[in-house]
Each structure stands twice: as C-alpha cells, then as structure tokens.
Enquirer: 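My questions all concern the structure below.
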Amino acid sequence: MESKEEDVSVGANRFAEHQPIGTAAQTQDKDYKEPPPAPLFEPGELASWSFYRAGIAEFVATFLFLYITVLTVMGVSKSESKCSTVGIQGIAWAFGGMIFALVYCTAGISGGHINPAVTFGLFLARKLSLTRAVYYMVMQCLGAICGAGVVKGFGKALYQSKGGGANVVAHGYTKGSGLGAEIIGTFVLVYTVFSATDAKRSARDSHVPILAPLPIGFAVFLVHLATIPITGTGINPARSLGAAIIYNKSHAWNDHWIFWVGPFIGAALAALYHQVVIRAIPFKSKS
C-alpha cells in the first residue's frame, strides 16, 4: 500500500498542472509587468522620426486596405451573376485577409491600427498618447481617400454606377439597426484587438504559437459576413470616409454619421469591458 501511495505522489509531481486555469492562473507570479499608461500629451514624440514613420506606415497600410477591398467590391458589383464572382464570402475574405496581412506587416512600426476606431479604443485604454492618436487617425483617413481614389481611377463610370464601395444602410433596415450593427461589429473587432495584443496574455500563453494578426483578421472576416447585408460593414471610419468622399453621392452622406458614431461607441465599450471587467486594471491600481 505504501509503495502505491508513493507512486501516486511521484506521478502527481511528475505530471503537475503546467497551465492553471481560472483564478489560479491569475494568482501565480508571471514573467510580466503591467506597462505604464501613455501620457496624454508627449511633446517629445514630435521630434522623433519613429513617430512620423509610424504615421506613414498607417497611411500606406490604409491605402492598400482600401485599394484591395474596394476593388473586390467593384468586381462583385459589376457582375450580373454573383455566382461568377467571389460573392459576399469573397468580399469578407478580402477585408479580413488584408487586415491580417497589413497588421502583420505594420504591427512592429505603428501597432498596425489601420482603423480610427481601433486607435480610439487603444487611446481610451491609455495605450498611446492623444498626439499619436490624432496623427494616426488623420493618416488613416488620408490613406483611405487615396486608396478609393485609385480604384475610381481604374473606371470612373463603373465606380459611380456601382456605389463606389460606400457604406449605406440597406433597404429594409432602419438607421437604428445600422447603428446597432456597427456598434456590435466594432466591439467584436476592438475586443479581439485588446485580447490578441494583451501583454499579460502573451506572457502567460507564450507556449501557444499564434500570431496576433490572425484572430484580428478573422474577427474582421466574421463581422463582414454578418453585417454586409445591413450596412456593407463599416467598423472602420476611415474606410467609410474614403469611399464616401470619392463616391460623393448624397445617399452615401445621409447615413455617414452612423459609420463614425457606431464604431467609436463600439470601440469605447470594448476598451471599457477589457480594461475594467477582464483585466480589472482600475481595481489593481488602488491595491
């Protein structure tokens, strides 16, 4: 009997739980240190080349994002039969796939935001300064305008006749429905961004070989599958602004506020949920 108990003890020590779950995972010491919040204003950034390089990276990434995605939308729109095109699934893959590729390429330079709503959410979580947040948003919008402009340059008549990839609330849906779809869709995206880039998660799950851009791109893909029939899927104010400016028709501007208000509310809710509920950062700072 004693030998059996000894075997059990040895076995328990040999095959100890490598990855605790639940509250046990939160109480163990980890190779992790909570990063300090970014200052609201950081004047020193303006004298750093890395600051301007990051903005250029955001411009180029958003330019490429609009170019590929709007061109895909035009390819589907011009066909009489959707069976001969990539269809809604292909459009969703174009958006999600480009986000995956571009976040992978620019994450080490600018963080790979490519979306004012993502930038806004990260700013609320004190991940970057107000100076950098505003700069990123401006560069993202300029890149989006240029990307949509190049697509229009390939065929102005086709672009104007097929909607130009502009976001509008589809017939049969109310503006409230469109706003709700944008809020929830952006919440999914920004919450995924927070989770995939969480430094604590990276330290805890360092044994998991997963790229942060992958779940982010997949979230964009899934949200597009769900909301393309409702709003054409904005969840990115720069994407909506770029297409609306280049298309420049009244019905695109009538609903345009939805594609700013919705994503910013969704991003704010995601930041609040992740920082307060999931990470409980305000409570940690008091202890």
Side-chain angles (χ1 to χ4, degrees), residues 55 57-70 73 91 94-96 98-99 102-103 106 110-125 127-128 130 132-149 151 163-169 175-194 216-217 219-220 223-224 226-228 230-249 251-271:
E58 287 292 310
F59 172 89
V60 172
T62 315
F63 168 83
L64 294 174
F65 178 61
L66 265 288
Y67 170 74
I68 293 296
T69 55
V70 174
V73 171
I91 293 174
F95 278 89
M98 280 303 291
I99 288 297
L102 293 170
V103 171
T106 60
S110 66
H113 298 188
I114 323 171
N115 184 336
V118 171
T119 301
F120 181 66
L122 294 173
F123 165 70
L124 292 180
K127 302 295 184 183
L128 72 164
L130 177 61
R132 185 175 291 264
V134 173
Y135 177 51
Y136 276 15
M137 291 181 190
V138 171
M139 297 301 282
Q140 290 158 359
C141 290
L142 292 176
I145 294 168
C146 293
V151 175
N167 291 118
V168 295
V169 177
K175 293 184 186 298
S177 298
L179 180 63
E182 288 297 305
I183 291 173
I184 297 172
T186 310
F187 179 92
V188 171
L189 169 60
V190 178
Y191 177 43
T192 304
V193 170
F194 274 107
I216 297 171
V220 171
V223 171
H224 275 76
T227 60
I228 282 177
I230 304 174
T231 61
T233 308
I235 67 171
N236 184 334
R239 172 261 187 271
S240 301
L241 179 67
I245 287 178
I246 300 302
Y247 181 56
N248 199 26
K249 293 288 183 71
H251 65 276
W253 290 114
N254 291 339
D255 299 336
H256 188 68
W257 64 271
I258 292 172
F259 302 100
W260 283 86
V261 175
F264 273 49
I265 292 176
L269 291 174

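When a residue number appears, it is its place in the shown sequence, counting from 1. Quick note: numbers below take in every heavy atom, side chains included, and nothing from hydrogens, waters or symmetry partners. Everything quoted here is computed from the prediction, not taken from an experiment.
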Enquirer: Run Phe95 and Val73 through side chain to side chain contact (heavy atoms under 4.5 Å, CB included) and show every step you take.
Expert: CA-CA 10 Å; Phe95 278 89; Val73 171; 4.2 Å; yes
Enquirer: Indicate yes or no: at least one non-hydrogen side-chain atom of Arg239 is less than 4.5 angstrom from one of Phe259.
Expert: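 Arg239 does not reach Phe259 side chain to side chain.
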Enquirer: Looking at every non-hydrogen atom in both residues, tell me the closest pair between Cys146 and Phe59 and how far apart they are.
Expert: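 Here Cys146 and Phe59 meet closest at SG-CZ, 3.9 Å.
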Enquirer: What residues, two or more places apart in sequence or in another chain, satisfy side-chain hydrogen bond (donor to acceptor under 3.5 Å, both in side chains) together with Trp253?
Expert: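 Only Asn248 meet the side-chain hydrogen bond (donor to acceptor under 3.5 Å, both in side chains) criterion with Trp253.
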Enquirer: Write down the atom of Gly178, the atom of Thr231, and the distance for their closest heavy-atom approach.
Expert: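 Shortest heavy-atom contact: CA-CG2, 3.6 Å.
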Enquirer: Is there a side-chain contact between Asn115 and Phe120, using heavy atoms and a 4.5 Å cut-off?
Expert: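 Side chain of Asn115 against side chain of Phe120, heavy atoms only: no contact under 4.5 Å found.
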Enquirer: What is the minimum heavy-atom distance between Pro116 and Cys141, and which atoms define it?
Expert: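 Here Pro116 and Cys141 meet closest at CG-SG, 4.5 Å.
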Enquirer: With rounding to the nearest 0.5 Å, note down the distance linking CG in Asn254 to NZ in Lys175.
Expert: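 Between Asn254 CG and Lys175 NZ, I get 6.0 Å after rounding to 0.5 Å.
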Enquirer: Less than 4.5 Å apart, side chain to side chain, heavy atoms only: is that true for Ile183 and Pro263?
Expert: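 No. Closest side-chain heavy atoms not under 4.5 Å.
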Enquirer: Please identify each residue that fulfils side-chain hydrogen bond (donor to acceptor under 3.5 Å, both in side chains) with Thr62, with sequence neighbours left out.
Expert: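 In terms of side-chain hydrogen bond (donor to acceptor under 3.5 Å, both in side chains), with neighbours along the sequence ignored, Thr62 is linked to no residue.
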Enquirer: For the atom pair CG (Leu102) and CD1 (Ile216), what is the distance rounded to the nearest 0.5 Å?
Expert: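 It is 12.0 Å, given to the nearest 0.5 Å.
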Enquirer: Could you give the distance from CZ (Arg132) to CD (Glu58), rounded to the nearest 0.5 Å?
Expert: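 The CD atom of Glu58 is 9.5 Å from CZ of Arg132, to the nearest 0.5 Å.
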Enquirer: Nearest 0.5 Å please: distance from the CZ atom of Phe194 over to the NZ atom of Lys127.
Expert: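 Here the rounded value is 6.5 Å.
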Enquirer: So do Ile235 and His224 actually touch side chain to side chain, heavy atoms under 4.5 Å?
Expert: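 A side-chain contact exists here, since the closest heavy-atom pair is under 4.5 Å.
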Enquirer: Taking side chain as C-beta onward, heavy atoms only, is Leu66 less than 4.5 Å from Val151?
Expert: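 Of all side-chain heavy-atom pairs linking Val151 with Leu66, none is under 4.5 Å.
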Enquirer: Let me check something: any side-chain donor-acceptor pairs from residues 186-193 under 3.5 Å, sequence neighbours excluded? List them with distances.
Expert:
unit_1	atom_1	unit_2	atom_2	d
Thr186	OG1	Glu182	O	2.7
Thr192	OG1	Val188	O	2.6

Enquirer: Ala181 and Thr227: which non-hydrogen atoms are nearest, and at how many Å?
Expert: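 Closest pair (atom of Ala181, atom of Thr227, distance): CB-CG2, 4.1 Å.
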Enquirer: Measuring from atom CD1 of Ile114 to atom CD1 of Ile99, what distance do you get when rounded to the nearest 0.5 angstrom?
Expert: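 One finds 4.5 Å between CD1 of Ile114 and CD1 of Ile99.
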Enquirer: Which heavy atom of Gly55 sits nearest to which heavy atom of Tyr136, and what is that distance?
Expert: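 Shortest heavy-atom separation between Gly55 and Tyr136 comes out as N-CE1, 4.2 Å.
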Enquirer: Any side-chain heavy atom of Phe65 within less than 4.5 Å of one from Asn236?
Expert: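 In short, these two side chains touch, coming nearer than 4.5 Å.
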Enquirer: Closest heavy-atom contact between Tyr247 and Ala252?
Expert: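 Closest heavy-atom pair between Tyr247 and Ala252: CD2-CB, 3.9 Å.
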Enquirer: Kindly assign one of parallel, tilted or perpendicular to the pair Trp260 and Phe264, based on the angle between their ring planes and the thresholds 30° and 60°.
Expert: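 The arrangement is tilted - the two ring planes meet at 30° to 60°.
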Enquirer: Atom CD1 of Ile230 and atom CG of Asn167: how far apart are they, to the nearest 0.5 Å?
Expert: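 Between atom CD1 of Ile230 and atom CG of Asn167 there are 12.5 Å.
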